[in-house]
K.L.:
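Below you'll find the structure I mean.
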2 protein chains.
Amino acid sequence: MTDKGLTLIHNRPFLTNNAPAAMTRPPPPRKTARRTAPPEKRRRQLIEATIRCVAKSGFAETTIATVAREAALSQGIINLHFQSKERLLTETLRHLADEYRAACAEAVASAGTSAEAGLAAMVEVDFNRRICEKKKLAVWFAFWGERKFRPTYRKICAARDKSYDDLVRQLCTAMCEEGGYPDVDAAIVADGLSALTDGLWLDLLVRPDSMSRERARRISMAFLADAFPRHFRSQGGARRPTQRPARR
Amino acid sequence: MTDKGLTLIHNRPFLTNNAPAAMTRPPPPRKTARRTAPPEKRRRQLIEATIRCVAKSGFAETTIATVAREAALSQGIINLHFQSKERLLTETLRHLADEYRAACAEAVASAGTSAEAGLAAMVEVDFNRRICEKKKLAVWFAFWGERKFRPTYRKICAARDKSYDDLVRQLCTAMCEEGGYPDVDAAIVADGLSALTDGLWLDLLVRPDSMSRERARRISMAFLADAFPRHFRSQGGARRPTQRPARR
DNA sequence: ACGCAATGAATGAACGGCCGTTCAGTCGCG
DNA sequence: CGCGACTGAACGGCCGTTCATTCATTGCGT
C-alpha cells in the first residue's frame with residue numbers, strides 16, 4: 001500500500017532470462033531450472049526445501065520465510081502452491097511416508113517368497129542409505145513429536161505404521177510356520193523388531209558417533225538371529241562369528 | 001524506544017480498588033488457597049503445569065499463557081521464577097531426566113549384585129507406572145524432536161543416555177562373563193536393549209491401543225530371553241510358555 | 001499485644017517483534 | 001497482448017517479556 005513505486009522492485013541479480021532462440025517454436029527444450037515451472041515440480045522443490053530446513057534447524061525455526069529462502073523462491077509461493085504452511089508440512093510428511101512404504105514394498109517383493117529373505121530385506125531397507133538419511137530422520141522425529149496432537153499427522157503416520165507392521169507380522173508368522181519355530185510368538189517378535197528399528201533410528205539421529213547404519217543393521221540382524229537361530233545365525237548375530245554357537 | 005513516557009501507561013480499567021469499608025482492616029479472610037509460596041514449590045508447580053500442557057496439546061501450543069493458566073497463576077510468574085520460557089522448558093526436561101536416572105539407579109541398586117536381576121530391574125523401571133506415564137512420554141518425545149537443535153536439550157539428554165547405556169552395558173558384560181555366554185557380544189545386546197526400549201516407549205505413546213506397558217515388558221523380556229536363553233526363559237519370552245523350550 | 005513500615009511475591013496490561021497470510025503489482029511466455 | 005506464475009511489502013494476530021502496581025507477610029518499635 002501507500003506508494004510502492006518508490007521502493008525498489010524486483011531486482012533479479014541472476015539468470016533473468018537466457019531464452020535461446022526461436023519464439024515461434026512451441027516447446028523449447030527446457031534446460032534452465034528457474035522460471036515458471038510446472039506446479040508439480042514447484043511442489044517438489046518446496047517439499048525438499050522443507051526437509052532441508054527442518055533437518056538443519058528443527059521444527060521451531062522452520063518458517064515460511066526460511067523454506068522460501070532455502071528454495072530460492074519468494075515467500076508467497078508457498079501459499080500459492082500449498083494453501084497454508086500447515087498443508088506444506090502435511091504434504092512433506094506424506095511424501096516421506098509414501099517413499100518409505102514404496103521402498104519397503106519393493107524390497108520385500110523383490111526378495112522373493114522366502115520369509116527369511118523378506119525379513120532381511122526389511123532390515124536392509126530400514127537402514128538403507130536412501131531411506132535412512134540423517135536429513136530425513138530429523139524430519140521424521142520432528143513430526144513424531146507432534147503426531148499425537150495433530151490428527152492429520154496421526155493419520156499419515158498410522159497408515160505407514162500399519163503397512164509396516166502388517167508386513168513384518170506376516171513375515172514373522174511365515175517364518176514361524178515354515179521355518180519350524182512353533183514355540184515362537186510371531187507377534188512378539190514382530191512388534192519387537194519394529195520397536196527396535198524405531199529406537200535405532202533415534203540413535204542414528206541423535207548419537208551419530210556411537211551408532212552407524214552398519215551397526216544398526218548388525219543389531220537388527222542379531223535380534224533376528226536370536227529369535228530365529230537356525231536361519232539368521234550365519235549373517236552375524238550377537239554371537240561372535242569367531243566362535244561356534246556354543247551349546248554348553 | 002523513542003519516548004515511552006507519552007504512550008499511555010497502565011490504565012487499569014477495572015478493580016482499581018473496591019475496598020468496601022475498612023481500609024484499616026488488613027486481612028479479610030481469603031478463601032483462595034494460594035498467595036505466597038516458597039520459590040521451590042512454585043517452580044515445581046510450574047514444571048508440573050508445563051508437563052501437563054505439553055502432554056495435553058503438544059509443544060507447539062504450549063505458551064507462557066497456557067502454562068500459567070494451567071497452574072492457575074499469572075503470566076508474569078514464569079519469568080519471575082525462571083528467567084525465560086526457554087529456561088522453564090530446560091528445567092522441565094532436566095526434572096524428567098533426573099527422575100528417570102534416580103529411578104534406574106535405585107532399581108538396579110536394590111536388585112542386588114546379580115546381573116540377571118539387574119537387567120530385569122531395568123526393564124521393570126522402564127515400563128513402570130511412575131516413569132512411563134503417557135503424560136511424561138509425550139513430553140520426552142516433544143523434547144526429542146528438538147534435541148538435535150538445542151545444545152542445552154542435547155546435553156541433558158546425552159547425560160541421561162550415557163548413564164543408562166553405561167548401566168546396561170555393564171550388566172550385559174557381567175551377564176556374558178558370569179552367566180557363561182562367551183560368544184555373545186555384550187555391546188550389541190546392550191545397544192539393542194536401549195534402542196528397543198526407546199522404540200517401545202514410542203509405541204506406548206502413539207499407539208496406546210496396540211501397545212501396553214505389560215506387552216512392552218513382555219517384548220523386552222523376550223529380547224533378553226533370546227539373548228541369554230539360560231537365564232530369562234522362565235519369565236516369558238517370545239517362546240510360548242505352553243510349550244517346552246524345544247531343544248530339537 | 002498491636003499496628004506500621006518494609007519487603008518482595010504475584011499480577012496482568014502493554015509492548016515490540018515475529019510470522020503466516022494476503023494481494024496488488026511485475027514479468028515471462030505463448 | 002493477455003494470462004497466469006511469481007513476487008514481496010504490508011497487515012494482523014499471537015506470544016514472550018517487561019514493569020508499574022497490588023497485597024500478603026514479617027519484623028520492629030512502641
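Below, read A as the first sequence line, B as the second, and so on, with proteins coming before strands; counting in each chain starts at 1.
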K.L.:
Tell me which nucleotide among D:dG8, D:dA5, C:dT11 gets nearest to the side chain of A:Leu80.
P.N.:
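Of the options given, the side chain of A:Leu80 lies nearest D:dA5.
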K.L.:
Side chain of A:Ile64, heavy atoms from C-beta onward: which of C:dA10, C:dG20, D:dT18 has the nearest atom to it?
P.N.:
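Among the listed nucleotides, the one closest to the side chain of A:Ile64 is C:dG20.
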K.L.:
Whether the side chain of A:Thr66 engages the backbone of A:Thr62 through a donor-acceptor N/O pair (distance < 3.5 Å, no angle test) should be reported.
P.N.:
no
K.L.:
Between B:Ile77 (CD1) and D:dT22 (C1'), how many Å, whole number?
P.N.:
14 Å
K.L.:
Between D:dT17, C:dA10, D:dC6, which nucleotide has the shortest distance from any of its atoms to the side chain of A:Arg42?
P.N.:
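Among the listed nucleotides, the one closest to the side chain of A:Arg42 is D:dC6.
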K.L.:
Measuring from the side chain of B:Leu73 (C-beta onward, heavy atoms only), which nucleotide among D:dT18, C:dT11, C:dT21 has the closest atom?
P.N.:
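My answer, after comparing the listed nucleotides, is C:dT11.
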K.L.:
Taking only N and O in the side chain of A:His81, is any of them less than 4.0 Å away from OP1 or OP2 of D:dC6?
P.N.:
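Yes, A:His81 has a side-chain N/O under 4.0 Å of OP1/OP2 on D:dC6.
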K.L.:
Can you identify which nucleotide, out of D:dG16, C:dG20, D:dC6, has its nearest atom closest to the A:Thr63 side chain?
P.N.:
C:dG20
K.L.:
Just the rounded figure in Å: distance from C1' of D:dT17 to CD of B:Glu86.
P.N.:
14 Å
K.L.:
Please check this pair: side chain of B:Gln75 against backbone of B:Ile64, looking for a donor-acceptor N/O pair closer than 3.5 Å.
P.N.:
no
K.L.:
Would you name the heavy atoms of B:Ser220 and B:Leu200 that are closest together and state the gap between them?
P.N.:
OG-CD1, 3.4 Å
K.L.:
Are any of the side-chain nitrogens in B:Asp191 or A:Arg207 under 4.0 Å away from the carboxylate oxygens of its partner?
P.N.:
no
K.L.:
Closest to the A:Ser74 side chain: D:dC15, C:dT21, D:dG8?
P.N.:
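Out of D:dC15, C:dT21, D:dG8, the nucleotide with an atom closest to A:Ser74's side chain is D:dG8.
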